[in-house]
Amino acid sequence: MTTPWDDWNHILKIDPDKELPEGVTYGDLCATGTDAIEVGGTMGITEENMSAVIDACAEHDVALYQEPSNPDVVLEDDALDGYLIPTVFNAGSPFWITEAHKEWVRLEGDLDWERTTTEAYIVMNPEADVATLTEADCDLGADDVAAYATVAEHMFGQEIVYVEYSGMLGDEGVVEAAAEATDESTLFYGGGIHDYDSAYSMAQYADVIVVGDLAHDEGIDAVRETVEAANDV
Ligand SMILES: CC(C)=CCC/C(C)=C/CC/C(C)=C/CC/C(C)=C/COP(=O)(O)OP(=O)(O)O
Ligand SMILES: O=P(O)(O)OC[C@@H](O)CO
Ligand SMILES: [Mg+2]
């Protein structure tokens with residue numbers, strides 16, 4: 001298994017359930033300088049809207065990953081560089097830690113392991129759909145998050161640890177603690193990045209920053225600023 005994310009600074013996460021701003025195309029988003037496109041979201045994800053976005057991005061020269069929110073929407077598509085499969089370490093229901101994964105393997109049999117990697121999520125914004133869905137315990141301090149990150153790296157061998165504040169800018173101290181706790185694992189941070197400064201502040205600690213809603217709400221210039229910040233750190 002290769003680990004291309006070792007070389008990334010920036011991911012653009014496109015939600016197939018959300019519109020793009022007037023005049024913006026998927027091609028424009030692929031050309032923002034981001035290191036990779038991750039296609040996924042929590043609510044309203046279908047095979048149809050997933051494949052529409054993946055087909056549109058496939059024509060462009062950028063790494064392309066699917067982040068399925070459940071086994072039903074996984075697409076077998078050669079245009080994908082791989083599958084980033086969430087597992088939510090602080091989920092309230094085991095379904096989102098290992099059970100969805102067990103069901104996927106039970107129904108599919110042998111998976112494309114070469115192209116499949118898990119992301120060890122620590123979900124921190126209780127208002128986010130992903131927190132509600134997974135019944136995540138978001139009442140965590142920096143020490144809890146650091147300990148989860150250590151468990152993910154040393155006990156569960158996770159290549160990717162993902163501090164997820166989807167919809168809000170997170171606590172820098174928490175992200176710093178996660179960064180100090182991880183050594184081998186690549187630390188992803190996502191949530192509320194909306195300009196150069198917010199991108200820079202999180203990129204100081206995270207190996208890779210993930211930008212989501214900004215692409216849908218603002219468009220390409222705003223996304224480009226975040227790419228610049230990620231590469232400036
Ligand atoms: C086993 C397989 C194939 C899938 C299971 C994968 C799991 C455990 C998913 C649970 C977490 C999840 C739904 C992740 C999706 C990515 C994500 C966190 C998107 C951000 O979501 P929000 O920003 O909260 O939601 P919306 O923007 O869609 O409202
Ligand atoms: O939409 P935002 O708040 O940028 O969050 C990005 C990403 O971490 C969501 O999974
Ligand atoms: Mg979101």
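As the structure lists them, so they are numbered: ligands from 1, and atoms in each ligand from 1. If you read the sequence from its start, that first residue is 1, and numbering goes on from there. What you are looking at is a predicted structure, and each value in this text was computed from that prediction instead of being measured. Values below: all heavy atoms of this structure, side chains included; hydrogens, waters and symmetry mates excluded.
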Close N or O approach (I193, ligand 2; < 3.5 Å): no
Atom indices of ligand 1 within 4.0 angstrom of E67 heavy atoms, with elements: 16 (C)
Check: D213 N/O within less than 3.5 Å of ligand 2 N/O: yes
Atom pair CD (Q158) and OG (S185), whose distance is rounded to the nearest 0.5 Å: 7.5 Å
Atoms of ligand 1 close to K18 [distance to a heavy atom under 4.0 angstrom, numbered from 1]: 26 (P), 27 (O)
Residue portion contacting ligand 2 (non-hydrogen atoms closer than 4.0 Å) for Y162: side chain
Within-cut-off N or O pair, E164 and ligand 2, under 3.5 Å: yes
Student check: side-chain heavy atoms of V223 and H10 closer than 4.5 Å: yes
contact_flag Y121 ligand 1 heavy-atom lt 4.0 Å: yes
Subset of ligand 1 atoms that lie under 4.0 Å from at least one heavy atom of S69: 5 (C), 6 (C), 9 (C), 13 (C)
Nitrogen or oxygen atoms of V211 and ligand 2 under 3.5 Å apart: no
Pair D129-T132, side-chain donor/acceptor within less than 3.5 Å: no
Ring-ring centroid check Y65 W8, cutoff 6.0 Å: yes
Beyond-backbone contact of L169 with I193, side-chain heavy atoms, under 4.5 angstrom: yes
Check: V233 and N9 side chains under 4.5 Å, non-hydrogen atoms: no
Residues, nucleotides or ligands: over 12 heavy atoms within 6.0 Å of D139 CG: no
Ligand 1 contact by P68, heavy-atom criterion under 4.0 angstrom: yes
Nitrogen or oxygen atoms of V210 and ligand 2 under 3.5 Å apart: no
Those atoms of ligand 1 less than 4.0 Å from some heavy atom in D15: 26 (P), 27 (O), 28 (O)
Atom indices of ligand 2 within 4.0 angstrom of G190 heavy atoms, with elements: 8 (O)
Proximal ligand 1 atoms for H101, defined as those under 4.0 Å from one of its heavy atoms: 1 (C), 8 (C)
S166 neighbourhood, listing ligand 2 atoms whose heavy-atom distance to it stays under 4.0 Å: 3 (O), 5 (O), 9 (C)
N or O pair under 3.5 Å between K13 and ligand 2: yes
Single hit among E67, H216, M43, E38 for side chain to side chain contact (heavy atoms under 4.5 Å, CB included) with D15: H216
Min side-chain heavy-atom separation W5-D35 under 4.5 Å: no
Validation row: Y26, V39 side chains within 4.5 angstrom (heavy atoms): no
M43 neighbourhood, listing ligand 1 atoms whose heavy-atom distance to it stays under 4.0 Å: 28 (O)
P71 to ligand 1, any heavy atom closer than 4.0 Å: yes
Distance (rounded to the nearest 0.5 Å) between T118 OG1 and I85 CD1: 8.5 Å
N/O separation below 3.5 Å, T134 to ligand 1: no
Proximal ligand 1 atoms for D129, defined as those under 4.0 Å from one of its heavy atoms: 24 (O), 25 (O), 26 (P), 29 (O)
Shortest non-hydrogen contact between N49 and G44, atoms and distance: ND2-O, 2.8 Å
Residues R106 and E103 bridged, charged N to O under 4.0 Å: yes
Numbered atoms and elements of ligand 1 in range of V130, under 4.0 angstrom, heavy atoms: 11 (C), 12 (C), 18 (C), 24 (O)
For G192, the ligand 2 atoms whose distance to one of its heavy atoms is below 4.0 Å: 2 (P), 3 (O), 4 (O)
